[in-house]
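One structure is given below, encoded as structure tokens.
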Amino acid sequence: MNLKDQINLDRLPQHIAIIMDGNGRWAKQQGKQRTFGHQNGVNAVREASESAAELGVRYLTLYAFSTENWNRPKYEIDALMQLLVESIDKETPTLNKNNIRLNAIGDIKSLPEKSYNQLLKTIKETAGNDRMTLTLALSYSSRWEITETVKLISSKIENKELNIDDIDQQLISSYLNTSSMPDPELLIRTSGELRISNFLLWQIAYSELYFTPKLWPDFKKEDLYDAIIDYQNRERRFGKTSEQILKNTVE
Ligand code: FPP
């Protein structure tokens with residue numbers, strides 16, 4: 001049986017989040033500049049998006065540029081931002097053909113004007129698509145997002161639009177950048193690093209974590225299938241006992 005057929009389509013994660021890592025090391029292995037790795041990383045973005053949509057995954061969220069990435073050399077930031085504009089522009093017809101909606105989370109207003117405008121343009125042009133939502137985390141970090149959320153909720157309290165007693169976990173989730181999505185059931189990180197790097201800290205409270213040594217440009221459809229099969233073989237207990245979970249599935 002091939003890998004894809006081993007996936008139980010009735011138990012697919014609705015939302016998969018990916019920390020795409022290893023572009024720089026991949027380029028170095030080929031004796032090339034880091035930006036060559038990012039260029040090839042775009043192919044892996046396409047491959048992951050296509051395969052997730054084909055399977056029926058509803059939300060795919062990719063960590064494309066972190067708040068901390070602004071500290072990289074200027075030439076690399078410029079190349080990444082240029083690549084973003086070109087790739088999004090080029091892929092817009094394919095997103096529409098595949099009924100995929102583009103979305104973004106993060107401090108996107110801090111992006112260069114050209115990148116910001118292209119992003120908004122494609123978000124608008126794909127807004128009617130409903131097969132899968134592809135979210136790019138851009139100038140994103142979880143601590144930034146949580147700080148913004150605390151500020152927003154505080155200002156609502158100050159303006160008497162909210163009471164302190166209204167604050168619960170659901171309300172906090174509804175003020176995060178990801179308010180329109182379910183929490184990811186599966187978080188994948190490539191390149192062998194065992195870190196979360198400030199990504200979706202609130203949202204991954206109960207996510208299954210999957211780490212692969214593959215460098216991002218080498219991440220293929222089969223690697224996504226492997227991760228989903230691994231996820232489906234795990235028991236998600238949410239703090240309950242194994243016996244309680246088994247009892248609920250047979251009843
Ligand atoms: C991590 O590898 C990757 C990034 C910081 C950028 C990811 C960007 C892309 C895949 C291309 C553009 C994306 C889209 C959505 C069109 P790294 O540079 O940290 O690699 P290293 O850890 O080996 O140095």
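Everything numeric here is computed off the predicted structure, so don't read it as measured data.
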[X] side chain to [Y] main-chain N or O, any donor-acceptor pair under 3.5 Å?
X	Y	answer
D168	Q170	yes
N177	G106	yes
D218	K214	no
T61	A17	no
T133	R101	no
R189	M20	no
Q244	T241	yes
N69	S66	yes
T135	N103	no
N159	K156	no

Going by heavy atoms in the side chains, are [X] and [Y] under 4.5 Å from each other?
X	Y	result
R46	N43	yes
L102	T92	no
K114	M81	no
E185	Y206	no
T122	L95	yes
I7	L55	yes
E50	I100	no
Y210	D226	yes

Between [X] and [Y], is any side-chain donor less than 3.5 angstrom from a side-chain acceptor?
X	Y	answer
N40	N23	no
S179	S174	no
E76	H38	yes

Once rounded to the nearest 0.5 Å, what's the spacing between atom [atom1] of [X] and atom [atom2] of [Y]?
X	Y	atom1	atom2	result
N129	T126	CG	OG1	5.5 Å
Y175	E145	OH	CD	14.5 Å
S173	D183	OG	CG	6.0 Å
M181	I105	CE	CD1	5.5 Å
I196	I19	CD1	CD1	5.0 Å
D21	W26	CG	CH2	14.5 Å

Work out which heavy atom in [X] is nearest to a heavy atom in [Y]; give both atom names and the distance.
X	Y	value
R234	R11	O-NH2, 4.4 Å
L224	S51	CD2-OG, 3.5 Å
P13	I228	CD-CG2, 4.0 Å
Y59	S180	OH-O, 3.8 Å
A27	G37	CB-N, 3.6 Å
S49	M132	O-CE, 3.6 Å

Quiz item: Does a side-chain N-to-carboxylate-O contact under 4.0 Å join R25 and E193?
Solution: yes
Quiz item: Does K221 pair with E47 as a salt bridge, N-O distance under 4.0 Å?
Solution: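 No, K221 and E47 are not salt-bridged.
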Co-membership, hydrophobic cluster, residues [X] and [Y], 4.5 Å side-chain:
X	Y	answer
I77	L111	yes
L119	Y140	no
I18	L209	no
I108	W70	yes
V42	L62	no

Quiz prompt | Parallel, tilted or perpendicular, as decided by the 30° and 60° cut-offs, for the rings of F199 and Y63 | solution = parallel
Practice problem: Just say parallel, tilted or perpendicular for the rings of W216 and F219, cut-offs at 30° and 60°. | Solution: parallel
Quiz prompt | Test side-chain contact (heavy atoms from CB on, under 4.5 Å) applied to T178 and L200, step by step | solution = CA-CA 9 Å; T178 50; L200 302 176; 4.0 Å; yes
Self-check item: Trace of the side-chain contact (heavy atoms from CB on, under 4.5 Å) decision for L80 with T35
Solution: CA-CA 7 Å; L80 267 169; T35 47; over 6 Å; no
Quiz item: side-chain contact (heavy atoms from CB on, under 4.5 Å) between L215 and T190: does it pass, once the steps are laid out?
Solution: CA-CA 6 Å; L215 302 176; T190 59; over 6 Å; no
Quiz prompt | Stepwise salt bridge (Lys or Arg N to Asp or Glu O under 4.0 Å) test for K4 and E222 | solution = CA-CA 8 Å; K4 196 176 175 188; E222 287 69 27; over 6 Å; no
Quiz item: Which residues pass the side-chain contact (heavy atoms from CB on, under 4.5 Å) test with K151, sequence neighbours left out?
Solution: T147, E148
Self-check item: Over 12 non-hydrogen atoms of neighbours within 6.0 angstrom of CD1 in I164
Solution: no
Practice problem: Check the pair L162, L171 against side-chain contact (heavy atoms from CB on, under 4.5 Å), reporting the backbone distance first and the verdict last. | Solution: CA-CA 10 Å; L162 272 181; L171 181 114; 3.9 Å; yes
